[in-house]
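To start, the structure itself, in structure tokens.
Per chain, numbering begins at 1; letters A, B, ... match sequence-line order.
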Number of protein chains: 2
Amino acid sequence: MSEDRTAEIVLSLEIDDAALADRLAALLGNVAGLRLAAPGEHAAATIIARDPRISPADIALTQRELDVLALMAEGASNKMIARQLGISVHTVKFHVGSLLDKLDATGRTDAVAHAARRGVIEL
Amino acid sequence: MSEDRTAEIVLSLEIDDAALADRLAALLGNVAGLRLAAPGEHAAATIIARDPRISPADIALTQRELDVLALMAEGASNKMIARQLGISVHTVKFHVGSLLDKLDATGRTDAVAHAARRGVIEL
DNA sequence: CCTGGTCCTGGCCACCCGGCCAGTTTCGCA
DNA sequence: TGCGAAACTGGCCGGGTGGCCAGGACCAGG
């Protein structure tokens, strides 16, 4: 294998908070067996800390809306969703309409993108 | 400020490679000033290492297809994309068709989801 | 020179989507 | 015991979507 288990583990940092980044860099710089990545260098793992103020509001979606949303993210049509959930196409469209409303989206593609951005669903 | 610069930094791990996770946990466990998060505990930062085998192949998309894809991810309709790029709706549909083909998607929503999963676009 | 790839355009058509109207049941909460 | 929220269903319809056919222009490489 190309993996050398004696090699240093290379870590890259993606941290919004500069103070936190400095503290982490200082701490990790003294640990034997791992190393911070040089700019552009491929890292085995990345340490991420995003500004939490960006995504505080998780939208209030009902269970059924979450079901529909998940299938939408899989690219399923209203008809397929209806079959999958054992409900009529009209009901699916009803839930999709609610989702477009709550997610402030103009269409199902936009809805999935918004939901993914806000962490409501995982792609 | 609410930040206590003497407190430990809490890190959580999201690593697909179990061996790598073990090595990192062992290394970081002995570092004074930081600590690994308990399950469910809020962490100041997250160490992420996704299985690279999942997204090795960045699909070969033409520049125009990337343009169309980006606008699709914004929820734009074919008509809006056409206006935005200064081309006809037919041409947009042509590129969308190519995208559906290359991304192995059944529809525009699926295409955006696949593209996001493979890192072709950023939501 | 000719082939292949990309980009562009047109028409046609079945189907899907989203918004509108209307109604039902079930449930928990005041 | 009402009352609203959630879930579900129906019909209707304009516009959007995706698949198919066809074509032309441009440019790099064989």
A:Gly97 backbone acceptor or donor facing A:Asp101 side chain under 3.5 Å:
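Not confirmed, A:Asp101 side chain does not pair with A:Gly97 backbone.
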Do any N or O atoms from the side chain of B:Lys102 and from the backbone of B:Leu61 form a donor-acceptor pair under 3.5 angstrom?
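No, because the side chain of B:Lys102 does not come within donor-acceptor range (under 3.5 Å) of the backbone of B:Leu61.
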Residue-phosphate contact under 4.0 Å: B:Asn78 side-chain N/O, D:dT17 OP1/OP2:
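True: B:Asn78 side-chain N/O within range (under 4.0 Å) of D:dT17 OP1/OP2.
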Just to confirm, is there a sub-4.0 Å distance from OP1 or OP2 of C:dG10 to any side-chain nitrogen or oxygen of B:Ser88?
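Yes, because at least one side-chain N or O of B:Ser88 sits under 4.0 Å from OP1 or OP2 of C:dG10.
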I need the B:Leu27 CG to A:Glu8 CD distance, nearest 0.5 Å.
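Interatomic distance, B:Leu27 CG to A:Glu8 CD, rounded to 0.5 Å: 10.0 Å.
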Just do the side chain to side chain contact (heavy atoms under 4.5 Å, CB included) check on A:Val10 and A:Leu34 with the steps written out, would you?
CA-CA 6 Å; A:Val10 179; A:Leu34 61 81; over 6 Å; no
Atom-to-atom span, [atom1] of [X] to [atom2] of [N] - whole angstrom:
X	N	atom1	atom2	result
B:Gln63	D:dC26	CD	P	21 Å
A:Met80	C:dC15	CE	P	16 Å
A:His90	D:dT9	NE2	C1'	7 Å
B:Asp101	D:dG19	CG	P	9 Å
A:Ile81	D:dT9	CD1	P	14 Å
A:Lys102	D:dA7	NZ	C1'	12 Å
A:Asp110	C:dG18	CG	C1'	14 Å
B:Glu65	C:dT6	CD	C1'	9 Å

With nearest nucleotides of DNA chain C determined for B:Arg64 and A:Lys93 from heavy-atom distances, which residue corresponds to the more 5′ nucleotide?
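That would be B:Arg64.
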Most 5' of A:Ala76 and A:Phe94 on DNA chain C, judged by nearest nucleotide
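The residue closer to the strand's 5' end, by nearest nucleotide, is A:Ala76.
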Please say yes or no: joined through hydrophobic side-chain contacts below 4.5 Å, possibly via intermediate residues, are A:Leu103 and A:Leu66 part of one cluster?
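Yes, A:Leu103 and A:Leu66 fall within the same hydrophobic cluster.
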Proximity to the side chain of [X] - top-ranked nucleotide from [options]:
X	options	answer
B:His95	C:dT9, D:dG19, C:dC7	C:dC7
A:Thr62	D:dG16, D:dT9, D:dA6	D:dA6
B:Arg108	D:dG18, C:dC8, D:dG11	D:dG18
B:Lys79	D:dG16, D:dG19, C:dC12	D:dG16

Just call it for A:Val96: base, sugar-phosphate, or nothing, with non-hydrogen atoms closer than 4.0 Å on any strand.
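Sugar-phosphate only.
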Under 4.0 Å between any heavy atoms, over every strand shown, what does A:Thr91 touch: base, sugar-phosphate, or nothing? Just pick one.
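Here A:Thr91 touches the bases of the nucleic acid.
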